[in-house]
Amino acid sequence: MDPEILALVMGVAVAAGWVDAVVGGGGLLLLPALLVAAPATPLATLLGTNKLGAVFGTVSAAIAYSRKVAVDRRVVLPTAALALLGSGVGAAMAAALTAEVLKPVIMVVLAGVALLVYFRPAMGATPDPRLRTRNRLLAVTALAGVGVSLYDGLIGPGTGVFLIIAFTAVVGMDFVSASASAKIVNVCTNLGALTVFAFGGHVDWLLGLTLAVCTIIGAQIGARMALRRGSGFVRAVLLVVVLALLLRMAWDLLA
């Protein structure tokens, strides 16, 4: 890879780390950049390399959040454990199942997310402890730990968005706490998928570790901004990322 192109990809990795730390969806930026920068590289290798960079960024963001935000272990720990397995299964399925089949479904879900966040401005603004019932805790564990993690291993971009919506809508977390919880779960989804890609030989370790340094820088900036500016800021970024995901998937389907 030419030095100029590498520098550009590294800059995109910083931006991806920032987006991932605030709401998730950094793959929206980094994966297309890798596709343009290394068009001859197999897609599985680019996915694995992207996961290597992403896992360091999410770990960095999770640490930053954990210093300021208390997460609900009853929700996060079982969800993270399931996510480690679920994302690995999704990554294994990626070789046999085309993501194009799922994209129209994902677009409908994303449109629903955008409408939900836009028309319910109170959602996620403050915590709602009344929603922390046993059934809802089980529901969010299954939804985030299995459904979202499978999506992350299979397709990827926007995982953090779905996790945040699950934590706010189902168990009443505010957006900052939901983002903090999502980072811990996202670490496990990235690790599960990365393990499968690594065993398949689909990781460019040198490039991935270079990008990891960049995503850590972006993640630290993003986490600090989210903590400082609060739930309103996270909500605004969430809407932007959801709309960007919708536009990206629509472009892929129409191109």
Side-chain angles (χ1 to χ4, degrees), residues 20-25 54-91 109 112-113 116-117 120-154 156 158-195 219 222-224 226-228 230-235 237-238 241-242:
D20 263 341
V22 179
V23 293
V55 74
F56 281 91
T58 49
V59 167
S60 175
I63 292 171
Y65 276 113
S66 66
R67 291 172 177 167
K68 301 289 185 181
V69 179
V71 298
D72 189 337
R73 295 183 180 182
R74 295 175 304 164
V75 178
V76 172
L77 294 183
T79 303
L82 277 175
L84 187 63
L85 177 63
S87 61
V89 173
V109 174
V113 166
L116 180 67
V117 174
R120 290 186 59 189
M123 187 185 75
T126 57
D128 188 353
R130 296 173 302 170
L131 298 182
R132 302 286 178 93
T133 64
R134 183 175 181 274
N135 287 341
R136 283 178 173 267
L137 290 174
L138 290 173
V140 80
T141 298
L143 177 62
V146 179
V148 178
S149 66
L150 276 171
Y151 167 80
D152 190 28
L154 186 61
T159 297
V161 170
F162 291 126
L163 289 172
I164 288 173
I165 290 299
F167 290 141
T168 53
V170 180
V171 290
M173 291 186 187
D174 65 88
F175 276 125
V176 172
S177 295
S179 188
S181 301
K183 295 302 151 295
I184 296 172
V185 177
N186 213 176
V187 168
C188 292
T189 64
N190 283 332
L191 277 175
L194 176 61
T195 300
R224 283 170 168 76
L227 288 166
R228 186 171 64 251
S231 292
F233 172 71
V234 176
R235 178 179 180 271
V237 176
L238 183 68
V241 170
V242 168

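Below, all heavy atoms of this structure are taken into account, side chains as well, without hydrogens, waters or symmetry copies.
Here the side chain of Tyr65 pairs a donor or acceptor atom with the backbone of Ala21 at under 3.5 angstrom. Listed for the Arg136 side chain is no donor-acceptor partner under 3.5 Å among the backbone atoms of Val171. Distance alone, capped at 3.5 Å, is enough to place a donor-acceptor pair between the Ser149 side chain and the Gly145 backbone. A donor-acceptor pair under 3.5 Å links the side-chain atoms of Arg235 to the main chain of Val117, judged by distance alone. When atom types are taken as modelled, the side chain of Thr195 and the backbone of Leu191 share a donor-acceptor pair closer than 3.5 angstrom. Under a 3.5 Å cut-off, the side chain of Lys183 and the backbone N or O of Asp20 do form a donor-acceptor pair.
Among all heavy-atom pairs drawn from Ala169 and Leu131, the shortest one is O-CD1, 4.1 Å. Thr79 and Val75 get closest at one heavy-atom pair: OG1-O, 2.5 Å. Annotation for Gly86 and Leu150: closest pair O-CD2, 3.3 Å, computed over non-hydrogen atoms. Counting all heavy atoms, side chain and backbone alike, Ala139 lies closest to Val170 at CB-CG1, 4.4 Å. When all heavy atoms of Ala219 and Gly57 are compared, the closest pair comes out as CB-O, 3.2 Å. Residues Ala193 and Ser87 share a closest heavy-atom pair of N-OG, 3.5 Å.
Arg132 contributes atom CZ, which lies 4.5 Å from atom CG of Asp72 (distance to the nearest 0.5 angstrom). Atom OG1 of Thr189 sits about 12.5 Å away from atom CG of Leu85, to the nearest 0.5 Å. Atoms OG and CG, from Ser179 and Leu227 in turn, are 8.5 Å apart once rounded to the nearest 0.5 Å. Here Asn190 contributes atom CG and Thr58 contributes atom OG1; the two are 4.5 Å apart, rounded to the nearest 0.5 Å. Within the model, atoms OG1 of Thr141 and CZ of Arg74 stand 10.0 Å from one another, a figure rounded to the nearest 0.5 Å. Taken to the nearest 0.5 Å, the CD1 atom of Ile184 stands 7.5 Å off from the CG atom of Leu77.
With a 4.5 Å cut-off on side-chain heavy atoms, Leu238 and Val161 count as touching.
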Exercise for the section: Give the C-alpha distance, both sets of side-chain angles, the deciding distance and a yes or no for side chain to side chain contact (heavy atoms under 4.5 Å, CB included) between Val71 and Met173. Expected result: CA-CA 10 Å; Val71 298; Met173 291 186 187; over 6 Å; no

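Counting non-hydrogen atoms of other residues, nucleotides and ligands closer than 6.0 Å to CZ of Arg228 gives a total above 12. The environment of OH in Tyr151 is crowded: more than 12 heavy-atom neighbours from other residues, nucleotides or ligands sit within 6.0 Å.
Applying the side-chain contact (heavy atoms from CB on, under 4.5 Å) test between Phe175 and each of Val22, Ile164, Thr126, Val23 identifies Ile164 as the sole match.
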